[in-house]
Novice: 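Pasting a structure here, questions to come.
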Protein chains: 2
Amino acid sequence: MDLRHLRYFVAVAEEENIGRAATRLHISQPPLTRQIQQLEEELGVALFIRTPRGMELTQAGELFLEEARNIRALVEQATERTQRAGQGKLGRLDIGIFGSAILDVIPKLLLNFRNCHPDVKVVLHTMTKAEQIEAVRQRRISVGFNRMLAPLDDIVIKQVATEGLLVALHADHPLARQSVIRFAELKDHPMILFPTGARPSFIDKVMGLCIENGFQPQISQEVGDAVTGVALVASGFGICLVPESATTLQFPGVIYRRLTDPPPNLIVDLSCIYRRGDQSPILAAFLQTVDDYRESASEQVD
Amino acid sequence: MDLRHLRYFVAVAEEENIGRAATRLHISQPPLTRQIQQLEEELGVALFIRTPRGMELTQAGELFLEEARNIRALVEQATERTQRAGQGKLGRLDIGIFGSAILDVIPKLLLNFRNCHPDVKVVLHTMTKAEQIEAVRQRRISVGFNRMLAPLDDIVIKQVATEGLLVALHADHPLARQSVIRFAELKDHPMILFPTGARPSFIDKVMGLCIENGFQPQISQEVGDAVTGVALVASGFGICLVPESATTLQFPGVIYRRLTDPPPNLIVDLSCIYRRGDQSPILAAFLQTVDDYRESASEQVD
DNA sequence: CCTCTCCATACTCTTTAGGTATGCTTCAAC
DNA sequence: GTTGAAGCATACCTAAAGAGTATGGAGAGG
């Protein structure tokens with residue numbers, strides 16, 4: 001049996017007349033007669049009663065008509081869904097994130113992506129940098145977001161955004177009276193660092209800046225992520241260098257101050273990683289969204 | 001697209017290797033390669049990633065695999081169901097009945113039929129003789145049960161059973177003391193007749209018998225069916241001639257007495273009617289059940 | 001570097017769908 | 001009653017498409 005047989009059968013059943021059905025199908029009458037005979041022979045069942053007036057469905061034919069319509073609808077649906085999946089408009093995208101990336105850029109990106117691709121199910125997985133790399137390799141996630149990424153052969157790193165650094169400090173802190181702070185002034189003030197875990201990380205960025213400015217930081221506490229860091233600032237444990245997006249966190253008593261030095265020293269990048277050679281149309285669509293985001297972000301700067 | 005494409009696609013997706021899939025499908029490798037290419041081209045979507053190790057499904061391919069399996073299962077199911085319908089094992093049978101036929105024969109027939117054909121939905125319609133004939137012509141019912149049927153060109157009449165006649169009378173009735181009654185003894189006893197409505201009917205049978213035995217019956221009441229007739233016997237309205245199967249009705253105070261005369265005079269037939277030329281396999285199966293029933297009934301008599 | 005594996009391509013053959021012409025049956029109209 | 005029209009079936013031919021054989025080409029492993 002063939003989908004052609006079903007198409008022909010439905011036409012004949014609807015027209016109740018082989019000649020008219022043949023016209024509708026843009027073929028001549030004899031081949032259609034033969035196809036219907038073949039179908040009946042293959043099923044071993046009479047689907048039609050031949051009357052002088054035309055073709056009339058048997059009970060078995062009535063039943064088969066329903067089934068044939070179902071099958072044809074399902075085929076059409078399968079075709080359409082598969083095509084949408086091939087265009088990255090249907091399916092699932094697993095994304096690896098880490099603590100502070102969720103604060104600003106990722107929500108905006110996801111919002112844009114879901115507007116264009118409402119039928120792609122986005123699943124977020126919180127994981128460390130090392131876990132993300134491993135998960136990308138094993139295809140458990142298609143894309144991961146992180147900072148301070150070192151080049152790898154099998155993984156592409158694509159910069160998503162750059163953010164300036166701010167100092168988070170308590171309103172009672174001596175430096176809080178200044179509207180702008182020079183980096184060197186941070187010397188001798190206890191500092192909260194994050195994240196713990198795999199190096200190189202944001203910690204190394206901060207340590208490097210301190211050394212460039214001629215001092216070793218006084219480490220008050222090492223914590224897992226920016227959220228915890230700012231929470232400790234609110235509790236008076238010290239100051240904390242954070243990316244701009246951390247201003248989303250408005251803990252009581254915490255204020256953010258800009259540093260005087262200009263880029264490129266006082267910026268930190270946010271990048272995404274994905275498997276080199278990954279052909280997934282959903283990933284491609286997501287990376288397109290990332291590009292669009294970067295463009296619109298740089299336009300805002302202009 | 002063709003069902004062949006689906007079969008081939010599923011095989012390749014499962015084997016993850018065109019060569020092995022070709023072996024499984026009992027064809028050679030190159031045609032299979034081409035069929036898969038055709039399918040991908042028609043959908044406009046890459047279903048597989050070609051690796052040095054073999055064929056790996058894309059996300060779109062995974063989705064299409066599910067759909068393809070569904071479609072194939074549905075086709076198989078449609079084939080099987082249609083074949084069962086063609087053998088009269090699946091579908092619907094509409095049967096016309098009248099009041100007293102339901103008492104004995106029909107329940108037994110239906111029980112037998114449903115044992116052999118559990119997936120045929122049997123729908124009973126209570127209708128008069130005239131309604132049954134009209135409904136058979138209009139195909140609203142496939143078969144009807146009735147008594148005293150006159151031959152018709154377009155309808156086949158098939159005798160289902162013959163039943164002897166009994167006299168239903170009240171236990172206090174003078175004739176109740178006799179274990180057997182001669183027909184002529186019914187003279188001068190008020191008699192309940194049924195059914196009202198279309199002639200010829202059971203009434204004409206009874207009237208004919210009375211005249212044969214030399215008297216005009218004293219009509220106490222005409223009622224619609226045997227059930228009402230026997231109910232009136234219980235209320236003391238008179239005696240009532242009924243088919244044997246009416247003994248199913250055990251009203252308090254009602255007893256049944258055999259008549260002395262032998263067949264063929266004191267029997268009444270139950271027949272079924274159906275459209276001449278009706279090819280429905282379900283009807284054929286039902287008529288076969290009727291034949292089997294008649295055979296087993298006559299065996300019991302032997 | 002060679003070989004093995006596996007998919008793609010080229011070409012041929014065979015099957016089968018589709019077209020044209022025609023026959024057969026039934027129904028209706030004259 | 002005969003004739004014509006409608007509708008399905010059959011016979012035969014053509015063309016398209018699937019399947020087979022032979023071979024090429026690319027990547028992985030020894």
Novice: A/L39 CG to C/dT16 C1': how many Å, rounded?
Specialist: 16 Å
Novice: Under the ring pair (Phe, Tyr, Trp, His ring centres under 6.0 Å) rule, collect the residues that match up with A/Y274, sequence neighbours excluded.
Specialist: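 Partners of A/Y274 by the ring pair (Phe, Tyr, Trp, His ring centres under 6.0 Å) criterion come out as none, since no residue qualifies.
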Novice: Extract from the structure each pairing of a protein N or O with an N or O of nucleotides 1-8 of chain D at less than 3.5 Å, listing the distance.
Specialist:
| unit_1 | atom_1 | unit_2 | atom_2 | d |
| --- | --- | --- | --- | --- |
| D/dG7 | OP1 | A/N17 | ND2 | 3.4 |
| D/dC8 | OP1 | A/I18 | N | 3.2 |
| D/dC8 | OP2 | A/I18 | N | 3.1 |
| D/dC8 | OP2 | A/G19 | N | 3.4 |

Novice: For residues B/T82 and B/A78, report the shortest heavy-atom separation together with the two atoms involved.
Specialist: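 The pair with the smallest heavy-atom distance is OG1-O, 2.7 Å.
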Novice: By ring pair (Phe, Tyr, Trp, His ring centres under 6.0 Å), which residues pair with A/H117, not counting sequence neighbours?
Specialist: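 Ring pair (Phe, Tyr, Trp, His ring centres under 6.0 Å) check on A/H117 returns A/F113.
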Novice: Please list, chain by chain and in numerical order, all residues satisfying salt bridge (charged side-chain N to carboxylate O under 4.0 Å, His left out) with B/E66, sequence neighbours excluded.
Specialist: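 B/E66: no salt bridge (charged side-chain N to carboxylate O under 4.0 Å, His left out) contacts found.
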Novice: Under 3.5 Å, is there a donor on one side chain and an acceptor on the other for A/T33 and A/Q29?
Specialist: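 There is such a pair (donor and acceptor under 3.5 Å, judged by atom type) between the side chains of A/T33 and A/Q29.
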Novice: Could you tell me which residues satisfy ring pair (Phe, Tyr, Trp, His ring centres under 6.0 Å) with B/Y8, sequence neighbours excluded, listed by chain and number?
Specialist: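 Here no residue qualifies.
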Novice: Quick one, give me the B/S/- string for nucleotides 11-19 of chain D, reading 5' to 3', where B means a protein heavy atom under 4.0 Å from the base and S means that only happens at the primed atoms, P, OP1 or OP2.
Specialist: -------SB
Novice: With a 3.5 Å cut-off and no angle check, do the side chains of A/D269 and A/S271 form a donor-acceptor pair?
Specialist: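 The answer is yes; a qualifying pair exists.
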Novice: In whole angstrom, what separates B/F48's CZ from C/dC6's P?
Specialist: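 Rounded to the whole Å, the gap is 15 Å.
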Novice: What I want to check is whether the side chains of B/E134 and B/Q138 have a donor and an acceptor closer together than 3.5 Å.
Specialist: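 Indeed, the side chains of B/E134 and B/Q138 share at least one donor-acceptor pair under 3.5 Å.
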Novice: Expressed as a whole number of angstroms, how long is the span from B/L25:CG to D/dG20:C1'?
Specialist: 15 Å
